[in-house]
Structures are given as C-alpha cells and as structure tokens.
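Below: the structure, in structure tokens.
Note that these values count all heavy atoms, side chains included, but never hydrogens, waters or copies made by symmetry. First the proteins, then the strands, lettered A, B, ... as listed; each starts at 1.
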Amino acid sequence: MLHMQDVSKVYRTELVETHALRHFDIAVDEGEFVAVTGPSGSGKTTFLNIAGLLEDFTDGSYRLDGVEVRSLDDAARSRLRNEKVGFIFQGFNLIPDLNLFDNVDVPLRYRRMPAAERRRRIETALERVGLASRMKHYPSELSGGQQQRAAIARALAGEPRLLLADEPTGNLDSQMARDVMELLEALNAQGSTIVMVTHDLELAARAQRNIYIIDGQVSDLDLAEAAARPLVAAREA
Amino acid sequence: MNVHPILATLRRHKTAAGLIALEIALSCAIVSNAVFLIGDRLDRIRQPSGLAEAELVHFQLVGITRVEDPEAQAAEDIAALRAVPGVRSVATVNQIPFGNSSWYSSLNLEPEQQNPTMQVTTYVGSEDLLETMGLSLVSGRDFVPEEYVEFQQAQSDPEVVIPAVIVSRAVADRLFPGENPLGRSVYVWGAAPQRIVGVVEHLAKPNDIGGPSSEHTSVLMPVSAPVQYGINYLVRVDAGRRDGVLEEGVAALEAVNPSRIVLEDRTRTFEAFRDDYFQDDRAMAWLLVGVCVALLVVTALGIVGLASFWVQQRTRQIGIRRALGATRGQIIGYFQTENFLIATIGIAAGMVLAYAINGALMGRYELPRLPWYYLPLGAVVLWTLGQLSVLGPALRAAAVPPAVATRSV
C-alpha cells in the first residue's frame, strides 16, 4: 500500500541545510494500522506530508498503492491524493463557512462525482460517525469530538485506500480522544489501512505496529525504549 | 461549476461581498450611461455636413470704409480667388455649417399661416454655391441663373418673387413624409411661394439651436449673399492646396482692396471650423472616458483588495482544500467563480440602476432611451474586469502549498 525506500527530505535556506528525513524506509500493507511516533522535530510530520503527497521529497522512491509518485506533476498528485488518501488532522481542518454536509462534500466535488452519488456517500459517511442528524450544522456549533468525527467522515466519504491521521486526538479531552480512537479501530477492523502519527505512546500502543522515528530515520527501538527517550530530538544541521 | 458551496460561503460574508457587488453595480450603471453619452457625442462629432470638407477653405472680410459698388468688388474678389493656383470654384455665402452664426427662417406650407410648420436655417450665395459646397443632390436640380435674386432687392422689395428652393432630405422627410417633395410649394421668404426644385442628402446647420430633432433642417435659396458690410467666400480647392490657397487668397483679396480686414479666426479650412465647433463635445467625451477609466480602476482595485484579503484570510482553508485534492486550477477556478457570482449580482443591480439614471437624464436633457445593447456590453466589460482583477490573488491562492493543512495553528 505505502512503500518508501531510501527517501530523504532536505530543507535548504541560504544559511542552513536541514535533513528532515534521511534514508527513510517504510512499508505499510493493506489493512494495517500503523502508529508512527517520535520526539518533536524527529520528522513525523514531514513523513506524513510526503506520505499524503502534501510535500515533495528530495531523494528516494515512494510508491502509493502501486503508483510511483516521484515523477507525477502537481495536478496528478492532487488527483492521486484525492482518490487514494483520506486525511484526519489534529486541528480537524473543517471549513468554518460550510455546514457538515458541504464539508464532507469538498473532496468529492474535486473528483467531479455526480451529485446523487456524492449525496449517498456523504449521508453514509456521516451516519457511520454518528453525525447524520447534524449535517446542516456548522463546525462552530459542534464539540471538538464531533468536529473530529466530521473530519473522519470527510476522509471516509472518498473511500480512500489509505487513512493518514495526524495527531487525531491531540486537541481532544480524554473521553473524546477515546471515542475517536475507537472509531479508528473500528474502521481498521472494517479493512481501512491507517497510518497514525502521534507523540502519544499510549495511543500508539493500540496500533497493530509501531514505527519510531528519530532524527529523520526509522529507529529499531521498541515502544518501551522510545518512552525513555527525550521528548525533543537533537537535530543535526 | 461549484456554485453551491461558494454561495454558501458568500452568505456568511454578506457585507464584504455586498460592498463589492454595490461598487460593481454603480460602475455598471455609470459606465453604461457614460459610454452611451460618449457614443452620442461621437455621433455628433462625426455628423456629416454634406460638404466636400477636405477641399474647402473659407475667407471672411469686413470693410472699414464704404464701398461704392460692393457687388462689383465681390466680382473682382471672386476673379482674384479663381486665379489662385489650385482653386476649383468660388462662391459667396452667408454662413457655413458649424460656423456658429446662423440665419433662421420660418417655413410654412400655407400663405398667412399662423404658426410656422418648422424653423429652417437659410443658406444663400452666388450661383456656384451648390457646386462649391460639394453638396450631393439626391433628386431634382441646382438653381438656374434666371431664378437668382439680388439680396438687396429681396430684402427691400416685398413684391419680389424668389421662385425656387433646395431643401435637405431632413426637411423634405419632415414636410412630405413618404412623398415626392419636388414641385411642392413652401413659404420661406416673401409672400410668394417657393417651389422645391432639389433635395440634398445632407446640409448641416451652423449651430445647434433647435436641438437634435432639428438636425440638418436647412434650405438653400437662390439669393445672392450680402456683400455690403462684410463678405464670406467659400473656396473649393485641390486636395493638398488648402494652406497655400489660404495664404495666396488673402494676398489676392488684399490686392483687390487693402482697406479691408481679413478676419483671421474666420479665414481657415472648413475642417478647422469643424474642429473648433466640436471642441466641447470632444472635451466632454474625454472627460467621460476619464470618469469611466477612473471608475473601472477603482472597481478593479476594490476587487483586487477584497480578493487579496480573502486569500490571506483563507490561506489555511486553501491549504486544506489542496490537501483534500484540489488542483491549482480548481483553486483558481474557485476564486474566479466567486468573483463571477459577485459581479453577476452587481451587474444585475447595475442594469436596473443604469435605466434609472438614463430615465433621469432623459427627463432633464434631450437624451434618447439607453439602447438595450449597452447593458450586455457593460456586463461583459465588468465580468472581464472582475476576472482579470481576481486573477492575481487567485494565482497567489493557487500557490499555497497543501502542507499548510498540517501546520500547527
């Protein structure tokens, strides 16, 4: 499903060259639930951005659902992102001017899907996350947990091959975080492939597999060893 | 087109969108009317005089001493002017189109008529006047020598008969719509009727008195021009010889009688008269062009300002849309569609306002109804302006990277 080999990402300014990822290798199979953890500044978000085609990488090879993405232009990447990837963001990232129905509709419209099919998918997705009765509500009228569930519905409506979650419970209290996590587990049980980036090792422990990133590389530490590491990465320039 | 979510967003930003729509409405209304007024002025400026303008020069002289035999002196002047190289014909004339001072007469269809049928401007001059002017006869004929009457005689003798008149097509159509005017009688000068012997296509008036509805209401009479106190000569010359004839003509006239003053501001090419006459119209047209350009620039700046503000305000939203699969083209399309919708609302209101302004102008001034095709024309201009104005901010929006969606707030 997701296969990165020897991927590196370098951010360059006039004065500094920062290696966010170096010789990064990862493979995620279909149906897996993988948690990616690591200290702040270790390269988790860079990995997520590259995995979700939000950012280009400097070197290496990345195949998403069998498609080598390196040679794709911006429009082709956008289409691939729209069709294959569903995002769940830490800050929910719902569009405040649109109600839930229209928010879930956003990625489907970019796919130029017929209106009836869009409506069916939106209603199904909102029902799946328990928000069918709130589809005319605006994000500001919902709790944080409901907003995150709406964001999950938006990710699901496109029936993506891969769900990428970026600290999905980071802005939620513990009860709402539990609800969202249970929802993600349920989705995984129904066959969704999920890659979740988190700094929360307790949440990570609930995933099928854990990957620990340190200094832009996949580490062979296990979770217990990772827990003993400092929270902020020492970054070489 | 993703109209529904854009309208949903606009509904939540009514004030900003409404102000831009209002600005577009005002621009649409004012620009439509201004362009119409510019067109009206240009039509006036371009109106045909009926004369061979490119070949005509005009001389005007006033005497400072009494002349014993002014007719003989006029004959001498004409001979002197004809001798100037490049001169094709010369005629005395009482007035010229766009020359400002005008002779007006009442025209009646019956003798002893209480109220005149219409007012006409009356051209008189020597026998070569029609040919010198270069007027185009659409029917009938020029005057014959026997029909000519001396001006002094026509003025002083109430029994004198002026037998013929040539009218412009505008006069003929107004007096005898759909009928042949030739041979019909009218009363312009004296108690006896004049028979219409010819119709010319155009013969503009010296000035605007009577308004647009009286354009080209002119007649030509077989009466010699007055020569007692001053005299006008219209001279038809070979193309390219106008300046030379003016210079040499003045010298020739001064040689005939040096105790006369050649009026410099009335001694020039016919085109110079036309330029002067329509100076105010040109100034008004340019002023209106300036108003239109200023309004359109202000509107464009308003659109650029609001679109730039929205792009800045929605940077994260744009990143989210990109993350959800929007291509750069779809982001540009979003802003263009949004602008198109705001512009359409403004244009619809502007069309109603344009007719209201036109109605008010019609009530105050002698202006016709704004033709309907000015409205789609204005709409296309404002739609295009809107699309061009929003393009810069839209391109900046399209450059927002999708990774913005994962940045911390």
Under 4.5 Å, counting heavy-atom pairs only, tell me which of Leu53(A), Asp74(A), Leu48(A), Asp105(A) racks up the most with chain B.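 Most heavy-atom pairs under 4.5 Å with chain B: Asp74(A).
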Who among Gly158(A), Pro96(A), Ala155(A), Gly86(A) has the most heavy-atom pairs with chain B under 4.5 Å?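 Looking at each of Gly158(A), Pro96(A), Ala155(A), Gly86(A) in turn, Pro96(A) comes out on top.
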Can you list the residues of residues 317-332 of chain B that sit under 4.5 Å from chain A, counting heavy atoms only?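 When heavy atoms of chain A are the reference, residues 317-332 of chain B contributes Gln317(B), Ile320(B), Arg321(B), Arg322(B), Ala323(B), Leu324(B), Gly325(B), Ala326(B), Thr327(B), Arg328(B), Gln330(B) within the under-4.5 Å range.
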What part of [X] is in contact with chain B, defined as an atom under 4.5 angstrom from a non-hydrogen atom: side chain, backbone, both or neither?
X	value
Arg154(A)	side chain
Leu80(A)	neither
Arg111(A)	neither

Side-chain donor-acceptor pair under 3.5 Å between Asn49(A) and Thr406(B), yes or no?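 Checked: Asn49(A)/Thr406(B) side chains pair up, N/O donor to acceptor below 3.5 Å.
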Could you tell me whether the side chains of His13(B) and Asp97(A) share a donor-acceptor contact shorter than 3.5 Å?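 A donor-acceptor contact under 3.5 Å links the two side chains.
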With sequence neighbours left out, write down each residue that passes salt bridge (charged side-chain N to carboxylate O under 4.0 Å, His left out) with Asp43(B), or none if nothing qualifies.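 Asp43(B): no salt bridge (charged side-chain N to carboxylate O under 4.0 Å, His left out) contacts found.
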Should the heavy atoms of other residues, nucleotides or ligands under 6.0 Å from CD of Glu141(A) be counted, would the total exceed 12?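 Yes, because the 6.0 Å sphere around CD of Glu141(A) holds more than 12 heavy atoms from other groups.
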Glu117(A) atom CD, neighbour heavy-atom count above 12 within 6.0 Å: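 Atom CD in Glu117(A) is packed in, count exceeds 12.
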What closest approach, in Å, do Leu98(A) and Pro5(B) show between heavy atoms, and which atom pair accounts for it?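 Shortest heavy-atom separation between Leu98(A) and Pro5(B) comes out as CD2-O, 3.6 Å.
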In Å and rounded to the nearest 0.5 Å, what is the CZ to CZ distance from Phe89(A) to Arg316(B)?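 Here the rounded value is 8.0 Å.
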Proximity breakdown for Pro401(B) and chain A, heavy-atom pairs closer than 4.5 Å: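 Nothing of Pro401(B), per the 4.5 Å heavy-atom cut-off to chain A.
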